[in-house]
2 protein chains.
Amino acid sequence: MYKLFSVDDHIIEPADVWSKRVPERFRGAAPHVIEEDGREVWVYEDRRNTTMGLNAVAGKPREEWSLEPSRFTDMIPGCYDPVERAKDMRSQGIFASVNFPTLPRFGGALFATFDDKELASACVSAWNDFVLDEWCAADPDMFVPMVICQLWDPKLAEAEIRRCVDKGAKALCFVEDPLPLGLPSFHHPEHWDPVFATCQEADLPVCMHIGSSGAGAVGNALAEDPYTPAIVPIAFAFASAARASINMMLSPIPRKFPDIKLVWSEGGIGWIPAALERADRQWERHLWSHNDELRPSELARRNMWFCMIEEPVGLKYRHDFTVDRILWESDYPHADTPFPHTQVQAKEVFDGVPDDEVEAITYKNAEQLFHHTLVAS
Amino acid sequence: MYKLFSVDDHIIEPADVWSKRVPERFRGAAPHVIEEDGREVWVYEDRRNTTMGLNAVAGKPREEWSLEPSRFTDMIPGCYDPVERAKDMRSQGIFASVNFPTLPRFGGALFATFDDKELASACVSAWNDFVLDEWCAADPDMFVPMVICQLWDPKLAEAEIRRCVDKGAKALCFVEDPLPLGLPSFHHPEHWDPVFATCQEADLPVCMHIGSSGAGAVGNALAEDPYTPAIVPIAFAFASAARASINMMLSPIPRKFPDIKLVWSEGGIGWIPAALERADRQWERHLWSHNDELRPSELARRNMWFCMIEEPVGLKYRHDFTVDRILWESDYPHADTPFPHTQVQAKEVFDGVPDDEVEAITYKNAEQLFHHTLVAS
């Protein structure tokens, strides 16, 4: 049996995450669930959101994948209940799991769009307290605490990250590129320093999930096109991590913070060798080598980790990148998850790869990165 | 010496392309060059465009690459003069060349933005007549005639393509994705049929260059960000072809037109095996296999060609795609061109690859695809 450490799963937030944690005066405007037209709906500020369990299809037959859940009871309990989740995980040989938000979006960007930033900040803290005090506390061996921050205010984010680190946070969930969200880019000379300095100091990996910066015009146009099937953006999703990670390799962040740890979640690995070759070539051709001694590929191997679910081609090319920077993920409860056939699929994917390399990818790299030892029991 | 067929170079249009070809009544509104503030400027309708030679840096030292030419005399004559261009090409061992537009944008999308569509159509025809009667006529062995079309009107486009085929056109220059340009997507059940049916019937390859659909929100935000260096979008440009080609593999186009030939220009090749694996997996998981017998990877190998300039990693992985669908390009006069060191660079890139495979990639695949036999003299 493979012992697995999944660095990318998704929490479907229970209905009371915010309403039971934000100060009384914010209860009406903070996210809460109402019943409307025979379905459940999230409501916050003056907005309605019918995303009850984005792509939460785990445990369902493929024929039903195109139907988004319209209420909690449309999902298996492991989606929103940490005790059930931990059981589902262990049934697959997964003994540790890092979890991304759903309602706050994969990088927590929802709250940056709130009109009332005091409310927004309370909502960030409420999600973090939920993760630390409820979700991860339900099974501390299983769940690696990852928190979000106030993307619109790096100083406030720094304070929140410190508060959470004191409570046991082991990772920061961030956006892969702030620029499409209307925030300063990673190329700004100092705007993001409070966040990355704090993460470097606390040795907190920064996990950035594909799609966490919005889809951009192409993706938005795709989403609005009545003819484009949903499979299209899923099939080319790796391009999102490719763009974002190369942008980061050419930014000041890993140069100013040489010990920073940057994780590109669900972006795959098979494209990396070709992308690094291209980035290095452009870096040389455009004379970046005159201002800068570190090639993009060196920064990728020093500061970055990339993730795979099932990728035989990526594994074949692993030595053209480097085995110690590859992590495994389960993506529960989304359509990409191998659940409930994780061990069977892992055998297909890892067959023929030497044991020490399999162990590095399936859990040892993650143990070291997240400072979380896997307890296989 | 390598005999080379470049499937991707760029014409910098001379100042009189349109003014000497459009009907008298359009002269004032069609693109023409004026002198303003000590530089040359293109003017059309009520717009000014200072792009005199987008990234036309061939023959210049790298230190000057960041400066865009502000007049024709800032470029080497091979940029805009076909006789000089052909000399430059032959000096490199390049004996055939397919050329993209510059002012009309890489896929000809500029004219779709014109208010006066009659003017726009006249401008499309003028560019095509320039390419057929002047640029390619200057050296028919060297230049493979590729034309643009009326993107906003597929029936008009069909008539223009037929007119040009009668005059000798051997390829259509198109946009990699019409959707971000505000046009119907390739997933529309019949909108684009006149274009692709005509190209299939005439056996005309459809060449789609990276960046031909605009950069999308991310790219636009990048372009406007004062801190992001220009190298960033260049370094991840392959992601543009990845997105567009996967979108096409999952669209009706290659299914309705089984003999269509689709060329993804300047997108590179090293990412292809991983991308096809992912697209096939999603196609299976999301049950597309129930509606459709052709996997994305089968369509890629049947209907698509991909291009490389210098890509050792991509060449290493060539058998994970297929050698007979890889083409070589020179990208003159842009910064990616190996000019004036093409042969030296080709030796570095192709060293160790068997001769028959080198020949397929450097010219034989292109000869067959474009029905244009290379005359090495």
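As a basis for the values below, the full set of heavy atoms in this structure was taken, side chains included, without hydrogen atoms, waters or symmetry mates. Residue numbering restarts at 1 for every chain, and letters A, B, ... go by the order of the sequence lines.
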Counting heavy-atom pairs under 4.5 angstrom with chain A, the leader among B:P233, B:S240, B:A335 is B:A335

Nearest heavy-atom contact between A:A279 and B:A235 is CA-CB, 4.2 Å

Applying a strict 4.5 Å limit to non-hydrogen atoms, the region of B:P312 in contact with chain A is both

Query raised in the report: Within a strict 4.5 Å, meaning less than it, do heavy atoms of the B:V232 and A:I246 side chains meet?
Result: no

Between B:R285 and A:T337 the two heavy atoms that sit nearest each other are NH2-O, 2.7 Å

| query | Are A:R278 and B:D336 side-chain neighbours, meaning at least one heavy-atom pair lies under 4.5 Å? | reply | yes

Assert top hit (heavy-atom pairs under 4.5 Å, partner chain B, pool A:G314, A:G270, A:A230, A:S185) equals A:S185

The reported gap from CD in B:Q282 to CD1 in A:I231 (rounded to nearest 0.5 angstrom) is 6.0 Å

Scanning both residues in full, the closest heavy-atom pair of A:F238 with B:A242 reads CZ-CB, 3.9 Å

Rounded to the nearest 0.5 angstrom, the OH-CG distance for A:Y317 and B:D320 is 3.5 Å

The reported gap from OG1 in A:T228 to CG in B:N247 (rounded to nearest 0.5 angstrom) is 6.0 Å

**Prompt:** Do the side chains of A:Y227 and B:L179 get nearer than 4.5 Å, heavy atoms only?
**Reply:** no

Problem set entry | Check: B:A237 main-chain N/O paired with A:R243 side-chain donor or acceptor under 3.5 Å | no

Ordered numerically, the heavy-atom neighbours of chain A under 4.5 Å found in residues 295-311 of chain B are B:E310, B:E311

Next item on the list: Please confirm whether the backbone N or O of A:V313 pairs with a side-chain atom of B:E277, one donor and one acceptor, at under 3.5 Å?
Entry: yes

